[in-house]
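Everything numeric in this text was worked out from a predicted model, so none of it was measured. Naming: A, B, ... by sequence-line order, numbering from 1 per chain.
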There are 2 protein chains.
Amino acid sequence: MTIEVPETHLPTPASPMGTKERLIAASLSLFQAKGYHGVSISDILDATALPKGSLYHHFPGGKEELAIAAVAFIADEVDAKLAAEFAKNKRAGAVLLELANECVIWLRRTDFTQTPLLGLLAASPGESALTQAVCDAQKRWLARFETALGGTEDAHDKACLALASLEGGISLARMARSSDLLIRSVTLAALHINQR
Amino acid sequence: MTIEVPETHLPTPASPMGTKERLIAASLSLFQAKGYHGVSISDILDATALPKGSLYHHFPGGKEELAIAAVAFIADEVDAKLAAEFAKNKRAGAVLLELANECVIWLRRTDFTQTPLLGLLAASPGESALTQAVCDAQKRWLARFETALGGTEDAHDKACLALASLEGGISLARMARSSDLLIRSVTLAALHINQR
DNA sequence: TCGGCTATAGACCATGCGGTCTAGGGCTGA
DNA sequence: TCAGCCCTAGACCGCATGGTCTATAGCCGA
């Protein structure tokens, strides 16, 4: 089974990826496609064509440590994207739409097999470090929207709606294999968020 | 819910369920807590205190057939709930809030370990019958909202936003262990949906 | 040239998995 | 009373899993 790693997961498109980065990128793709429990160590090794020794050398904590690194990677990537967009003084609704648009491209490119962001990773073992990592990522993204919206009580509400419509829309779109559902829900949410 | 289903779907000593129903109820709870791949056959057997023979007698198709039955069960339950609410001529926003409220109660009662509806079951194996079952359930719920909203193009958009804000809000709330996020996003969505 | 270190390589292990199979309990109608 | 049949019961199987361990390749400074 060969896995095509999306370009967005490449740390530096110019230079070849190190072993560690390859493991993170490949496992992220797999986790986004099948969820934490749905991916086996050998799936990851097959995808990277690396031996087991390399994986446990770079991630002595095994599967969970690797998953946490993958979550941190995507969390940073999206966070940076949000920071960059907001730095252009865009309105929150526009940023949301921009993010959703990238998700749509991603969904289509992977033929709806992969879930952008971390929806599927939420199915992690109960009170684990992995759950915590996912939680932290969502908090960071929420905070970006919240501060950009003014930091008021109302801003918090709108930030919640933004992320909820995104994650929920992705879930709907993936099931229906049609990005329409994501676009519709996010567009409506953006409309509401931009109202003051 | 209208039917006598305990909070965890597990049978109570007072209302004895048949073996098949017990298996469906227990597995649904487990799947909602840990996702399809996160639940093992022995988890289900432990939860029901039933032997393996019973499970494979009632569900010769094994784990997947059981999961499909569980999805059908919750799909029917929610669908009936929606039909009943809409029959009272409630506005779509009010129905959405009502549904969200039940989800909040559920989340709290299970200490945020269980995901209401079928968010976590989306992490099912690719092009399987289980995925299809989840997809069908979502389509049915979407259709309920859509027809209640008038069946127009705009109604479709709003129905998407309704379900997306629900599923997304549940995901947010579960991670943050606070039902606030769900309430906020759904309230805002309901507000928008009720506009004409 | 060599010693030491990092990273690769993959054989190996115990465990738990989903699933099969046979035996028997217990209710049914005759 | 007993035959027939659902259903329960759980031993058993082959296999994939996550993880460990030893060996060694390749590099870099001395």
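- The stretch residues 148-177 of chain A participates, sequence neighbours left out, in no ring pair (Phe, Tyr, Trp, His ring centres under 6.0 Å) pair at all.
- A search for side-chain hydrogen bond (donor to acceptor under 3.5 Å, both in side chains) contacts involving Lys20(A) returns nothing, not counting sequence neighbours.
- Residue pairs satisfying the ring pair (Phe, Tyr, Trp, His ring centres under 6.0 Å) criterion with at least one member in residues 39-68 of chain A, sequence neighbours excluded, are absent.
- Applying the ring pair (Phe, Tyr, Trp, His ring centres under 6.0 Å) rule to pairs touching residues 160-182 of chain B yields nothing, sequence neighbours excluded.
- For Arg174(A) and Thr115(A), the side-chain atoms include at least one donor-acceptor pair closer than 3.5 Å.
- Leu45(B) places its CG atom 15 Å from the P atom of dG16(C), with the value rounded to the nearest Å.
- The CZ-P distance, from Phe59(A) to dT20(D), rounds to 16 Å in whole Å.
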Heavy-atom contacts, protein to nucleotides 8-19 of chain D, under 4.0 Å, summarised as B (base), S (sugar-phosphate only) or - (none) per nt, yield BBBB-----SBB
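- Residues meeting the side-chain contact (heavy atoms from CB on, under 4.5 Å) test with Ser185(A), sequence neighbours left out: Cys160(B), Leu161(B), Ala164(B).
- Remark: Ser27(A) engages no residue in a side-chain hydrogen bond (donor to acceptor under 3.5 Å, both in side chains) (not counting sequence neighbours).
- Sequence neighbours left out, the pairs with a member in residues 76-101 of chain A that pass ring pair (Phe, Tyr, Trp, His ring centres under 6.0 Å) are Phe86(A)-Phe145(A).
- Note on the helix from dT1(C)-dA30(D) to dA30(C)-dT1(D): angle between the axes of the first and last five pairs equals 10°, rounded to 10 degrees.
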